[in-house]
Amino acid sequence: MSLRLYNTLTRRVEPFVPLEPPRVTLYTCGPTVYNYAHIGNFRTFLFEDLLRRHLEAQGFDVLHIMNLTDVDDRTIKAAAAAGVPLAQHTEPFVRAFFEDRDYLRIRPAHVYPRATECIAPMVELVSRLLERGLAYRGEDGVYFAIGKFPTYGCLSRVERRELQTGARVASDEYAKEDARDFALWKFADPTDEQAGAAWDAPFGRGRPGWHLECSAMALQEIRRFGVQTLDIHAGAVDLIFPHHENEIAQSEGVTGQPFARFWLHGEFLQIQGTKMSKRTGNFLTARDLKEEGVDPAAFRMLVFSTHYRQQLNYTDEALEAAAEGVRRLGEFRDRLVEAAGAAEAARGADAGGDGLPPLPILPPLPPVEELRRSFTAAMEDDLNAPQALGAVFTFVRAMNRELDGGSLAPVQRGAALAVFDRVMAVLDVLPAVAEMDAEFRAWVETHLREREAARKARDFARADALRTELLARGVELEDGPGGTRWRKRRGMEGGGL
RNA sequence: GGCGCCGUAGCCAAGUGGUAAGGCAGAGGUCUGCAAAACCUCUAUUCGGCGGUUCGAAUCCGCCCGGCGCCUCCA
């Protein structure tokens with residue numbers, strides 16, 4: 001069994017084999033930095049994060065490229081309206097994007113090419129297309145002539161596209177030879193100049209069209225390997241047409257090679273059953289979640305609970321359910337660590353490390369072997385994360401049962417922890433550690449000692465009062481045979497007494 | 001009008017020809033001073049509806065009902 005992925009190009013699930021194993025070149029369409037990215041954007045980025053992590057867990061050597069669109073109609077308009085240079089407007093949103101990415105535990109791409117820093121390769125691409133007769137100069141820009149590119153439409157399968165009757169045939173398209181042609185380069189207008197969004201080019205001063213940057217940057221980044229074909233190009237479904245279709249035309253028009261071998265598209269996230277819309281206020285940003293104290297692991301869990309090719313309806317109830325699952329996993333791991341000996345297994349240790357499981361003195365536990373097998377099988381089946389999660393929870397219940405029985409040998413517990421951590425390295429859905437200062441910690445310890453004394457004296461009223469007081473500050477207790485364990489609930493302030 | 005997706009328990013959600021994973025919520029129980037956590041048991045004779053194909057269908061086909069997306073710069 002090996003990885004199989006749904007390829008939009010063929011509309012089939014196919015075995016994934018990179019061009020030159022173990023290297024995988026992965027290009028994912030990044031954000032347009034005109035505003036804060038919303039949770040729909042992040043659903044897509046999370047799906048890509050899962051893909052990346054799974055590939056790496058399988059031993060692939062991934063080069064992950066994600067572009068930043070820092071020049072387009074919206075960024076220019078906003079910069080011009082604010083009377084500031086383009087870069088000054090976009091920079092805060094770039095920083096915000098990286099912060100949100102880190103908050104959601106999305107692994108950074110290896111490179112983040114920015115459109116404004118890749119003008120030269122874009123100009124080069126347009127020149128080549130003009131030379132080949134695939135592009136032409138119009139009145140307001142350079143256009144790609146799709147009529148000259150016979151395979152146009154192969155990705156979206158809308159060959160000989162019929163324009164919707166009476167719609168979208170805007171009056172400003174007079175400059176095109178064919179209404180379906182798309183802009184490669186837009187000649188500079190006063191607004192562009194004002195925002196500093198204009199560059200000289202042999203075919204006329206202007207700025208790149210949206211689709212151009214992805215082709216130029218992707219080809220530029222993989223040139224180091226001497227190839228002109230990406231292994232995987234991913235994005236959300238709305239990009240299939242026209243964005244990715246146009247990228248194919250631009251790139252293959254120049255290279256004559258397939259632009260990408262696998263095209264992966266994630267479905268939309270919806271809120272309250274409908275598409276997010278800024279107009280109706282029906283949208284959320286990652287920062288909104290952060291401000292509400294949402295554990296990033298809960299959001300990841302929510303996202304991975306639905307297959308990436310299914311629409312996901314975001315609701316508060318679903319997020320709470322996901323948060324409960326996350327809590328359960330964290331609880332389980334804490335138990336396992338305690339049982340396995342806390343020293344070498346502190347939270348956050350590199351879960352992908354090797355050397356485990358150690359000497360098989362005892363036969364491997366069936367649940368451990370089962371998780372190893374079923375998790376991988378689920379993920380290899382077109383990243384079936386919901387099914388993989390099912391395998392994880394089945395493992396958790398079985399292992400909790402073993403832990404309750406108390407008859408596990410240390411080596412078995414270590415093996416269980418190793419496998420569990422390996423799985424978590426892919427999903428990364430363990431609860432965030434609640435932040436608290438030393439003062440708070442001391443306050444908790446004092447109360448715990450006091451409660452312990454009260455319990456010894458069988459003054460349960462006093463003990464329960466202390467427990468209530470602790471709970472009010474988000475501290476939950478668990479009395480066990482080995483003493484009282486406590487845990488800080490996330491999202492409740494844990495300092496400044 | 002064209003292309004496409006979806007409808008599985010109170011909620012979320014896998015499963016796409018062989019007799020319904022998993023999570024959340026709920027009920028009862030074990031453990032506990034009481035809790036909490038964990039575990040055990042229970043909770044869809046049934047997969048939007050109606051037909052058809054088949055030894056066998058949630059899974060394939062047809063029709064209908066309901067929801068959603070894309071169709072030029074929106075992840």
Side-chain angles (χ1 to χ4, degrees), chain A residues 11 28-32 37-45 47-48 69 72-74 156-158 160-170 173 176 179-183 209-211 234-243 245-246 265-270 273-278 301-302 305-307 309-313 315 317-329 331-332 334-335 374 378 381 384-394 396-397 399-405 455 458-461 463-464 467-468 471 476-481 484-487:
Chain A
R11 307 286 156 106
T28 60
C29 286
T32 300
H38 54 62
I39 59 174
N41 297 307
F42 280 108
R43 185 207 179 178
T44 300
F45 301 147
F47 135 61
E48 292 158 354
T69 302
D72 82 318
D73 291 350
R74 291 168 297 178
S156 55
R157 305 210 171 172
V158 277
R160 303 252 39 101
R161 166 169 295 272
E162 299 290 330
L163 285 173
Q164 185 179 8
T165 313
R168 305 277 194 165
V169 187
E173 286 176 349
K176 302 184 194 177
R180 299 169 303 166
D181 290 346
F182 60 90
W210 177 39
H211 317 296
V237 285
D238 58 328
L239 298 183
I240 296 172
F241 187 88
H243 188 52
E245 197 71 75
N246 292 349
H265 293 96
E267 254 297 348
F268 272 135
L269 174 149
Q270 303 187 346
T274 52
K275 186 181 176 177
M276 281 200 286
S277 151
K278 300 221 164 160
M301 175 73 88
L302 176 65
S305 293
T306 299
H307 187 91
R309 286 194 286 116
Q310 296 294 331
Q311 289 174 6
L312 165 64
N313 187 17
T315 61
E317 302 77 61
L319 185 64
E320 277 165 31
E324 269 309 298
V326 163
R327 183 202 56 73
R328 185 166 152 81
L329 295 180
E331 201 79 38
F332 167 71
D334 287 346
R335 263 191 103 182
S374 58
D381 182 17
N384 193 335
Q387 193 161 73
L389 277 168
V392 171
F393 281 105
T394 298
V396 167
R397 179 151 37 77
M399 287 309 298
N400 268 325
R401 193 159 41 216
E402 298 286 349
L403 288 166
D404 279 353
R455 290 182 75 209
R458 302 197 70 75
D459 180 0
F460 295 122
D464 290 351
R467 183 168 61 194
T468 305
L471 187 60
E476 292 169 343
L477 305 185
E478 272 176 50
D479 298 325
T484 299
R485 289 177 46 204
W486 67 279
R487 146 174 43 83

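Naming convention: chains lettered A, B, ... in sequence-line order (proteins, then strands); numbering from 1 in each chain.
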> Look at the side chain of Asn384(A) and the backbone N and O of Gln387(A), then say whether any donor-acceptor pair between them is shorter than 3.5 Å.
yes
> Excluding sequence neighbours, so at least two apart, what forms salt bridge (charged side-chain N to carboxylate O under 4.0 Å, His left out) with Asp464(A)?
Arg467(A)
> Would you mind classifying the nucleic acid contact of Leu477(A) as base, sugar-phosphate or nothing, using non-hydrogen atoms under 4.0 angstrom?
base
> Could you work out, with salt bridge (charged side-chain N to carboxylate O under 4.0 Å, His left out) as the rule, every residue matching Glu478(A), not counting sequence neighbours?
Arg485(A), Arg487(A)
> Under 4.0 Å between any heavy atoms, over every strand shown, what does Met301(A) touch: base, sugar-phosphate, or nothing? Just pick one.
nothing
> Which parts of nucleotides 20-28 of chain B does protein reach within less than 4.0 Å, heavy atoms only, written one letter per nucleotide 5' to 3' as B for base, S for sugar-phosphate only and - for none?
-BSSSS---
> Determine the contact category for His38(A): base if any of its heavy atoms lies under 4.0 Å from a base atom, sugar-phosphate if only primed atoms, P, OP1 or OP2 are that close, otherwise nothing.
base
> Considering residues at least two apart in sequence or located in another chain, which fulfil the side-chain contact (heavy atoms from CB on, under 4.5 Å) criterion with Gln310(A)?
Thr306(A), His307(A)
> Just the table, please: protein N/O against nucleotides 29-31 of chain B N/O, every pair under 3.5 Å.
none

> From the list C34(B), A13(B), A37(B), which nucleotide is the closest neighbour of the side chain of Thr306(A)?
A13(B)
> Any base atoms under 4.0 Å from Gln310(A), or only sugar-phosphate, or nothing? Heavy atoms, all strands.
sugar-phosphate
> Are there any protein N/O atoms within less than 3.5 Å of an N/O atom in nucleotides 65-70 of chain B, and if so, which ones and at what distance?
from	atom 1	to	atom 2	distance (Å)
C68(B)	O2'	Gln270(A)	NE2	2.6
C68(B)	O2'	Gln311(A)	OE1	2.9
C68(B)	O2'	Gln311(A)	NE2	3.3
C70(B)	OP1	Lys275(A)	NZ	2.2

> Which part of the nucleic acid does Leu269(A) contact within heavy-atom distance under 4.0 Å: base, sugar-phosphate only, or nothing?
base
> side-chain contact (heavy atoms from CB on, under 4.5 Å) with Glu317(A): which residues, sequence neighbours excluded?
Thr315(A)
> Counting any heavy atom closer than 4.0 Å, what does Asn384(A) reach on the DNA or RNA strands: base, sugar-phosphate only, or nothing?
sugar-phosphate
> When you look for runs of 3 or more Watson-Crick or G-U pairs in a row, both distances below 3.5 Å, which of them include RNA chain B?
B:1-7 with B:65-71, B:10-12 with B:22-24, B:26-30 with B:38-42, B:48-52 with B:60-64
> For nucleotides A35(B) and C50(B), find the distance between their P atoms and express it as a whole number of Å.
47 Å
> Restricting to ring pair (Phe, Tyr, Trp, His ring centres under 6.0 Å), what partner residues turn up for Phe182(A), sequence neighbours left out?
Phe144(A), His211(A)
> According to a strict under-4.0 Å criterion, is Asn400(A) in side-chain N/O contact with OP1 or OP2 of C39(B)?
yes
> Nearest whole Å is fine: how far is A13(B) P from Asp381(A) CG?
19 Å
> Regarding Arg74(A), tell me which of base, sugar-phosphate or nothing describes its non-hydrogen contacts under 4.0 Å with the strands shown.
sugar-phosphate
> Once salt bridge (charged side-chain N to carboxylate O under 4.0 Å, His left out) is applied, do any residues pair with Arg328(A), and if so which ones, sequence neighbours excluded?
none
> Could you tell me which residues satisfy salt bridge (charged side-chain N to carboxylate O under 4.0 Å, His left out) with Arg43(A), sequence neighbours excluded, listed by chain and number?
none
> Would you please name every residue forming a ring pair (Phe, Tyr, Trp, His ring centres under 6.0 Å) with Phe332(A), sequence neighbours left out?
Phe395(A), Phe420(A)
> Does the A35(B) base have a donor-acceptor partner in the side chain of Arg467(A) within less than 3.5 Å?
yes
> Say you pick atom C1' in A38(B) and the same atom in C31(B); how far apart are they, in whole Å?
9 Å
